[in-house]
Amino acid sequence: MMKPRARDLNIPFEGTPGKYNAITDVDGITVGYSTIIEGESARTGVTIIHPRGRDNHEPVFAAWFPFNGNGEMTGSAWVEEGGFLEGPIGITNTHSVGIVRDTIIQWQAEHDKIFQSWSCPLVTETADGWLNDMNAFFVKPEHVREALENAESGSIEEGNVGGGTGMLCYEFKGGTGTSSRKLPESMGGWTVGVLVQTNFGRRFQLTIAGVPVGAHLKGNTIWTNGENPFVQDSGSLIIIIATDAPLLPHQLKRLAKRASLGMARTGALGGNGSGDIFLAFSTANIQAARGDEKGRTTLQSIVNDHLDPLLFSTAYATEEAIINSMVAAEDMTGHKGISIKALPHDRVREILENYKRIDGR
């Protein structure tokens, strides 16, 4: 059974979502998880995104944007230099990036999915060290392979799953979230899908549908008293943006930058200690990485004057994906007995009703 989502609480959002309101609304994309909840200290996992599905590893145009670079995204140097993403995306905890990267390479080699003669996988992270013992290295190759192999399209799980299993957001339980926007045919009919792994923010910042929800929910905070506007903001946010619109790498970087606005719409400002790193890719231009005998290829792209709907959709879908990660998350107790509460659905609805911000449709 799927967990509740933000729209189930009648939270209003701008834009029209796709069928699943997920990154998988972009045709071909599949998402896989391995969730590790064992004993008292293992609260972690792996998330895998196959941009064209598990069996099609034709490169996709891509670009990254480190809004605040206190984190890791392996393979980003080649994405920046070459403009292509050449395999699956891995998301995990900070101390498991290496094992995920190495296992992806092994998996690619076994399945003859390495585009060049070498592989530089894109693996990124947020730190789950409050609920999970990162130094116990619970993520093993079999977990990465599980996520690589079980990736699916359609509706996908959110909350305490995959790499998001042990994460926190605005001092509530965070995790994995997703959302999408479908443009009308008059604007191209393109889809933008977003998947986030949330592990950032302080309670006083939390804003939902423009309402300062965090200011009304000061209980059960872990670092702050819910009031200090200048407390250290450590944590991280990973945002993966996908679209079927034919965009070139420099245009995809513009989308990646707009994810910062989606983050800001939920209240966060990007502190020094936060690794807020975003990646955007396009599934269009399928043969872009291959040329004819003279090395030529034919590309399509959207002119800049038609980008605004895609830029705005990125911000809107990011905002909703972040809130979805919190709505779907559940209470969790983990390493050293630390316990984190989930976002209280009834209180959120009550606060939004008081501000007249409940969607009445």
Can you give me the closest heavy-atom contact between I340 and K173, atom names plus distance? CG2-N, 3.4 Å
With side chains defined as the heavy atoms from C-beta onward, is the minimum distance between H143 and S96 less than 4.5 Å? no
Salt-bridge present (R5, E158; N to O < 4.0 Å): yes
When rounded to the nearest 0.5 angstrom, what is the spacing between CD1 in I286 and CG in N56? 7.5 Å
Just how far is it from atom CG of N304 to atom CD of Q251, taken to the nearest 0.5 Å? 5.5 Å
Side-chain heavy atoms nearer than 4.5 Å, only ILVMFWY residues, links allowed to pass through others: does that put F278 and I29 together? no
Are there over 12 heavy-atom neighbours, none belonging to D292, within less than 6.0 Å of that residue's CG? yes
Under 6.0 Å from the CD atom of E146, do we count more than 12 heavy atoms belonging to anything else shown? yes
Would E149 and R54 satisfy salt bridge (charged side-chain N to carboxylate O under 4.0 Å, His left out), going step by step from the backbone distance to the final call? CA-CA 7 Å; E149 293 290 346; R54 186 185 61 187; 3.3 Å; yes
Is there a path of hydrophobic side-chain contacts, each under 4.5 Å between heavy atoms, that joins V161 and M332? no
Under a 3.5 Å threshold, yes or no: a donor from one side chain and an acceptor from the other, between N21 and S179? yes
Under 4.0 Å between a Lys/Arg side-chain N and an Asp/Glu carboxylate O for K253 and E80? yes
Using a 6.0 Å cut-off, check whether atom CD of E353 has over 12 heavy atoms from anything other than its own residue. yes
Give a yes/no verdict on a cation-pi contact between R203 and F172, requiring under 6.0 Å between NZ or CZ and the six-membered ring centre and an angle within 45° of the axis. yes
Treating Ile, Leu, Val, Met, Phe, Trp and Tyr as nodes and any side-chain heavy-atom pair under 4.5 angstrom as an edge, say whether W190 and L311 lie in one connected cluster. yes
Side-chain donor/acceptor of T266 to backbone N/O of M263, under 3.5 Å: yes
Should I99 and K140 count as side-chain neighbours, where that means a heavy-atom distance under 4.5 Å? no
So do M167 and S325 actually touch side chain to side chain, heavy atoms under 4.5 Å? no
Given side chains that start at C-beta, do those of V211 and I208 come closer than 4.5 Å, heavy atoms only? no
For this output row, return yes or no: ring centroids of W130 and W223 closer than 6.0 angstrom. yes
Distance in Å, Q197 CD paired with T165 OG1, rounded so as to fall on 0.5 Å steps: 8.0 Å
Which pair of heavy atoms, one from V26 and one from V192, lies closest together, and at what distance? CG2-C, 4.4 Å
State whether the side chain of R181 and the backbone N or O of E14 hold a donor-acceptor pair below 3.5 Å, judged by distance alone. yes
Taking H335's backbone N and O only, do any of them form a donor-acceptor pair with N132's side chain (distance below 3.5 Å, no angle check)? no
Show your reasoning for whether side chain to side chain contact (heavy atoms under 4.5 Å, CB included) applies to L352 and N10. CA-CA 9 Å; L352 294 181; N10 298 115; over 6 Å; no
Does T318 reach the main-chain N or O of S260 with its side chain, forming a donor-acceptor pair under 3.5 Å? no
Return yes if some donor-acceptor pair links the side-chain N/O of H57 with the main-chain N/O of F115 below 3.5 Å, else return no. no
Any donor and acceptor pair, going by atom type alone, linking the side chain of T124 with main-chain N or O of E72 inside 3.5 Å? yes
Mind checking whether Y170 and F200 have ring centres under 6.0 Å apart? yes
Can you tell me if CD on E142 sees more than 12 non-hydrogen neighbours from other groups inside 6.0 Å? yes
Other residues, nucleotides and ligands only: do more than 12 of their heavy atoms fall within 6.0 Å of NE2 on H345? yes
Look only at the side chain of S153 and the backbone of T30, and say whether a donor-acceptor pair between them is shorter than 3.5 Å. no
Would you check if there is a donor-acceptor pair between the side chains of D25 and S180 at a distance under 3.5 Å? yes
Ion pair check, E350 and R347, cut-off under 4.0 Å: yes
Would E125 and I238 count as a side chain to side chain contact (heavy atoms under 4.5 Å, CB included) if you check the C-alpha gap in whole Å, the side-chain angles of each, and the deciding distance to 0.1 Å? CA-CA 7 Å; E125 51 75 32; I238 299 301; 5.9 Å; no
Answer yes or no: are there more than 12 heavy-atom neighbours, outside D8 itself, under 6.0 Å from its atom CG? yes
Any side-chain heavy-atom pair of H95 and N135 under 4.5 Å: yes
Measure across V46 and V139 and return the closest heavy-atom pair with its distance rounded to 0.1 Å. CG2-CG1, 3.6 Å
Check V194, I156, T191 against I23 for a side chain to side chain contact (heavy atoms under 4.5 Å, CB included) and give me the one that passes. I156
Atom CG in L131, atom CD1 in I222: separation rounded to 0.5 Å? 7.0 Å
Are I105 and P121 packed together at the side-chain level, in the sense that at least one heavy-atom pair is separated by less than 4.5 angstrom? yes
Output the distance between atom OG1 (T224) and atom CZ (F204), rounded to the nearest 0.5 Å. 6.5 Å
Could you tell me whether the side chain of D276 and the main chain of L237 form a donor-acceptor pair under 3.5 Å? yes
Roughly how far, to the nearest 0.5 Å, is CG of L195 from CD1 of I241? 11.0 Å
Path from V196 to F312 over hydrophobic side-chain contacts below 4.5 Å: yes
Would a 4.5 Å heavy-atom cut-off, applied to side chains only, mark P246 and I302 as touching? yes
Taking all atoms of both residues into account, what is the closest heavy-atom pair of A256 and W64, and its distance? CB-C, 4.5 Å
Set out, in order, the CA-CA distance, both residues' side-chain angles and the distance that settles side chain to side chain contact (heavy atoms under 4.5 Å, CB included) for L217 and I351, then state yes or no. CA-CA 9 Å; L217 298 174; I351 293 165; 3.9 Å; yes
Mind listing the closest non-hydrogen atom pair of G164 and T47 along with its distance? N-OG1, 4.5 Å
Taking L252 as the starting point, is it possible to reach Y316 by hopping between hydrophobic residues whose side chains are less than 4.5 Å apart? yes
Kindly state whether the ring of F61 and the ring of F84 have centres lying under 6.0 angstrom apart. yes
Give a yes or no answer on whether the side chain of H216 reaches the backbone of V213 with a donor-acceptor pair at less than 3.5 Å. no
Treating T92 as the side-chain partner and G45 as the backbone partner, does any N or O pair qualify as donor plus acceptor under 3.5 Å? yes
Residue pair T44 / D128, side-chain donor-acceptor N/O under 3.5 Å: yes
Would you indicate whether the side-chain heavy atoms of S274 and N70 approach each other to under 4.5 Å? no
State, to 0.1 Å, how close T283 and D244 come at their nearest heavy-atom pair, and which atoms those are. OG1-CA, 3.5 Å
So D331 and K341, side chain to side chain contact (heavy atoms under 4.5 Å, CB included) or not? Walk me through it. CA-CA 5 Å; D331 296 354; K341 294 294 185 181; 3.7 Å; yes
